[in-house]
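Report on the structure given below.
Owing to the predicted nature of the structure, the values given are computational and were not obtained by experimental measurement. In the text below, chain A, chain B and the rest are named by the order of the sequence lines, each starting its count at 1.
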Protein chains: 4
Amino acid sequence: MSLQDSGIPEPQGDGPAGPRPAPEAARRGRPRSEAVEQAIFDAVAGLLEEGVPLAELSIERIARTAGVGKATIYRRWPGKEELFVELLRSLEPEDPVLTGTSVRDDLVMLLETLRQRGLAKRSSALLHNVFSQMHAYPKLWDAYQDTVIEPRRRLGMDTVRRGMELGEIRDDLDVEFVNDLFIGPLLLRTVIRPGATLEPGLAERVVDAVLAGLRPRP
Amino acid sequence: MSLQDSGIPEPQGDGPAGPRPAPEAARRGRPRSEAVEQAIFDAVAGLLEEGVPLAELSIERIARTAGVGKATIYRRWPGKEELFVELLRSLEPEDPVLTGTSVRDDLVMLLETLRQRGLAKRSSALLHNVFSQMHAYPKLWDAYQDTVIEPRRRLGMDTVRRGMELGEIRDDLDVEFVNDLFIGPLLLRTVIRPGATLEPGLAERVVDAVLAGLRPRP
Amino acid sequence: MSLQDSGIPEPQGDGPAGPRPAPEAARRGRPRSEAVEQAIFDAVAGLLEEGVPLAELSIERIARTAGVGKATIYRRWPGKEELFVELLRSLEPEDPVLTGTSVRDDLVMLLETLRQRGLAKRSSALLHNVFSQMHAYPKLWDAYQDTVIEPRRRLGMDTVRRGMELGEIRDDLDVEFVNDLFIGPLLLRTVIRPGATLEPGLAERVVDAVLAGLRPRP
Amino acid sequence: MSLQDSGIPEPQGDGPAGPRPAPEAARRGRPRSEAVEQAIFDAVAGLLEEGVPLAELSIERIARTAGVGKATIYRRWPGKEELFVELLRSLEPEDPVLTGTSVRDDLVMLLETLRQRGLAKRSSALLHNVFSQMHAYPKLWDAYQDTVIEPRRRLGMDTVRRGMELGEIRDDLDVEFVNDLFIGPLLLRTVIRPGATLEPGLAERVVDAVLAGLRPRP
DNA sequence: TAATAATCGAGACGGTACGTCGCGTCTTCTG
DNA sequence: CAGAAGACGCGACGTACCGTCTCGATTATTA
């Protein structure tokens, strides 16, 4: 059936099905309306902002709100979750961090990004709503892990590795292990225990405490 | 079996509705059958062990499997999630840790418990199934936090506090903050990134690394 | 199990099960409370007077209203309809007619009784309610036929037969056929077409018209 | 098949709700399948012919038998009874009578139709089943009255009126009253006392007896 | 004076059906 | 061909009654 022969790059090599089905084969006839696409996003965003819980966001309701046929949605995404994933991805802040002067500063900046996102989830009704319930949708959760969390984890590991090379971090430990020591505490507060405090300076304190250790100073 | 053996009428002022409706005021009429209760749990456990995903565990199906009327289930729990919460709670290992000799050892033991549970989720089909999808059910997730995670978090904080008093841990930091440094990395691996490795000795390594810090030794 | 060997006559030889199961064997233990029986009747009557439709008179609701256990009702009647039959029978006017002077007068009186009952159904909320919906319950309808309608039909046939013997009615026709000519029109108005008029003198007019025939008088 | 072939939007001012919901305003989206409609009727008819009592004809069972979703039935009729009404109506013989030579003959023909229908109810398992229990469903009963019985009653009244004008029937009596004298006896036997005999010639005998009167001939 | 036994209110129990909702697929007509 | 509309088979929802069955508590008769 000559799938995928369109000019579109289609990155996500394998993974979980990929967000949109692609317009199939050669594109003939009436093209898909971008306005419709936007209307669907707007509808979902609108409903979430009104505080509608994720579980009540049925395809049927989204279609009704957007003034769109159900088939039109299914033509674009295989299911509810894939739609959410795409919406979420578009809301994520662009590029998380750039390298600073010292490795310690880079780590602080990395963790600060995590903190900022945690705070954002509380200020925006939409983000709060969707993040607090995202756990409930495995595909959503997985996709979020893959596309948002994992890249930054790698970024963190690169930084740690550089720290070891530069002599700022002891190099007798596993890189991933060390990285977890840094980001674990913050992820714990933003994802697992969403009600926890995220006061300014937290990122810095975590990095410094982990670097310095917890033994009493003489 | 923690089944109604307290004469307390259960006023439960606020809270999250309380797990089961309680048999109301004075106990009149035919009493609820414990056998039925067990049959329901067995049915859920059985289905989960067969690999049926949580989302397909409809009340209807549970009732069918258990050979029980739907109303009999609704008589005991307001909904699916409350039933799962109670089931999960009953599967949780009793009391995680008791104090050892040094605070450092206690912390290791605490984290070792976390690691063991993480491993259990992988060996038991049931646990794996339900935990990997628990995220999808907010009430379940919350209840699990409240009744399982939180108590141990307090246990950890107590240990940290004791460590500060005994001079094993520097006392210029917030207790909760310190506790997060210890358990964050492990929770990260067991809950957020469920595929991560959990090799033996991990608990010990985390505690020691956090205690010693990451600065290169001269 | 020695059913029916009690000294009670138990009339209804065969028929549709008979209203109440009889207290069984020798009567020992606590006897059935008459007060309870009355409470059930009162509850049904009360609900019907409030305009509750027959279809909504569930055993469950009757028991609730009467402050009585469901089993207490089932102990007395096999089902809803049998209960209604007994209630209805108790509401029926005692003895329908007594013989007058001429056969023509007897027939008028017979039909007048039918008319009166038809009117009663309209004045009493209870009677109206139950009669207008009685059709819906085969057993109820049948029992009503057997115990109320049929006896009077026989009474009518006896009267017609007497009329033939006395020379007041032509005797070249079947008795039952003739009887139907008299009561058919009234039953039509009271049972089949419950909204029809039932003006005073109707009984007389029917009898006279049927006796005299409809051919124009010269 | 009397299916929506009128372009009228069906305002149906009052009435008994109107049989089917009507597909609403302009006709858009996929149209209702006539095949499905037939399958439902077939299922009901089939079940009835097997002797299934009306009370056991749940919507659930009909849907199951017809291989149809419940919603598909509810989309067409508000409830069980409305479905039955429409089915019954479709089974009723088309137009009962046309005028003959004398008014007496017309009346005989009218009553003969009633007799025939009474007989039909006994020969057809379906008709017997549904008619014998139709009483149990007020709406069904009412609708049957309105759409089947009443029109023929008017036909009878027209005939009586014509008889009065032509001098075949005395004109000092109310038309409706006279009509009841004719059809009352037959309706009594077919509807109220469904077990009664309906021998050939009954219609003729009723008409002649009512016309001639019951006084003995000298 | 007990023992026995059937009654009572209450409500749990396995079922069946209710009428509604959402699923994902399918048809129809309109652009 | 895309798109809005909505019908379609399906399956689950949570509720209501069905008729049966335990419960503890009365209330008679019998021993």
Side-chain angles (χ1 to χ4, degrees), chain A residues 23-24 27-33 35-36 55-61 63-64 66-75 78-80, chain B residues 23-24 26-33 35-36 56-64 66-76 78-80, chain C residues 23-33 35-36 56-64 66-76 78-80, chain D residues 23-33 35-36 56-64 66-76 78-80:
Chain A
E24 188 138 326
R27 85 215 23 219
R28 269 186 300 170
R30 176 172 172 182
R32 292 200 188 154
S33 159
V36 163
E56 293 179 16
L57 270 198
S58 59
I59 294 272
E60 203 114 25
R61 181 165 183 183
R64 227 182 297 131
V68 139
K70 278 197 293 177
T72 301
I73 297 182
Y74 283 112
R75 214 171 278 129
K80 216 182 331 189
Chain B
E24 191 145 319
R27 205 182 272 70
R28 270 189 296 176
R30 176 173 172 177
R32 298 208 183 139
S33 159
V36 162
E56 292 179 17
L57 268 199
S58 58
I59 294 275
E60 204 121 36
R61 183 164 182 183
I62 294 170
R64 228 182 295 132
V68 139
K70 275 199 290 178
T72 299
I73 296 182
Y74 283 112
R75 215 172 276 130
R76 290 171 162 73
K80 219 183 319 194
Chain C
E24 188 139 323
R27 84 216 23 221
R28 266 184 302 170
R30 177 174 174 176
R32 292 202 188 150
S33 158
V36 163
E56 293 179 16
L57 269 197
S58 59
I59 294 273
E60 202 114 26
R61 181 163 181 183
I62 295 171
R64 228 182 295 129
V68 139
K70 280 198 290 177
T72 301
I73 296 182
Y74 283 112
R75 214 172 278 130
R76 290 170 161 73
K80 217 185 324 192
Chain D
E24 189 145 321
R27 204 182 272 69
R28 270 187 298 175
R30 176 174 174 178
R32 299 209 183 138
S33 160
V36 162
E56 293 178 16
L57 269 198
S58 59
I59 294 274
E60 203 120 30
R61 182 164 182 182
I62 294 170
R64 229 182 295 131
V68 140
K70 275 197 292 177
T72 300
I73 296 181
Y74 283 113
R75 217 172 274 130
R76 289 171 163 74
K80 221 183 318 192

Next item on the list: Examine the base of F:dG19 for any acceptor or donor lying under 3.5 Å from a partner atom in the side chain of C:Lys70, and report the outcome as yes or no.
Entry: yes
Check: On DNA chain E, nearest-nucleotide positions of A:Ile59 versus C:Gly69: which is more 5'?
Finding: C:Gly69
Checklist line | Any donor-acceptor N/O pair, C:Arg76 side chain to C:Arg32 backbone, under 3.5 Å | finding: no
Check: What's the shortest heavy-atom distance between A:Gly69 and A:Ala63, and which atoms?
Finding: C-CB, 4.3 Å
Check: Looking only at side-chain N and O atoms, does C:Arg64 come under 4.0 Å of OP1 or OP2 in F:dC17?
Finding: yes
Check: Rounded to whole angstrom units, what separation is found between the NZ atom of C:Lys80 and the C1' atom of F:dC17?
Finding: 9 Å
Next item on the list: Find the distance between CD1 (B:Ile62) and CZ (B:Arg64) and round it off to the nearest 0.5 Å.
Entry: 10.5 Å
Margin query: Can you build the contact string for nucleotides 22-31 of chain F? Use B for base contact, S for sugar-phosphate-only contact, and - for no protein heavy atom under 4.0 Å.
Written below: BB--BBS---
Checklist line | B:Lys70 NZ to B:Thr72 OG1 distance, which is reported to the nearest 0.5 Å | finding: 11.5 Å
Margin query: Rounding to an integer number of Å, can you tell me how far C:Arg61 CZ sits from F:dC18 P?
Written below: 12 Å
Notebook entry, point to check: Given atom CG of D:Leu57 and atom P of E:dC18, what is their separation to the nearest angstrom?
Noted result: 10 Å
Next item on the list: Report the distance from atom OH of D:Tyr74 to atom P of F:dA7, rounded to the nearest whole Å.
Entry: 17 Å
Checklist line | Nucleotide F:dG3, atom P - distance to CD1 of A:Ile73 in whole Å | finding: 12 Å
Check: Base, sugar-phosphate alone, or nothing: which one does B:Gly67 contact when heavy atoms must sit under 4.0 Å apart?
Finding: sugar-phosphate
Margin query: In whole Å, I'd like the distance from the CZ atom of B:Arg32 to the P atom of E:dC13.
Written below: 7 Å
Check: At under 4.0 Å, does any side-chain N or O of B:Thr72 touch on OP1 or OP2 of E:dG14?
Finding: yes
Note to self: Can you tell me which nucleotide in E:dC18, E:dC13, F:dC8 comes closest to the side chain of D:Glu60?
What the structure shows: E:dC18
Next item on the list: Give a yes/no answer on whether the side chain of A:Ser58 brings an N or O atom under 4.0 Å of OP1 or OP2 in E:dC21.
Entry: no
Next item on the list: Map A:Ala63 and D:Ala66 onto DNA chain F by nearest heavy atom, then report which one ends up closer to the 5' terminus.
Entry: A:Ala63
Checklist line | Atom-pair distance (CZ on D:Arg76; C1' on F:dG6), nearest Å | finding: 12 Å
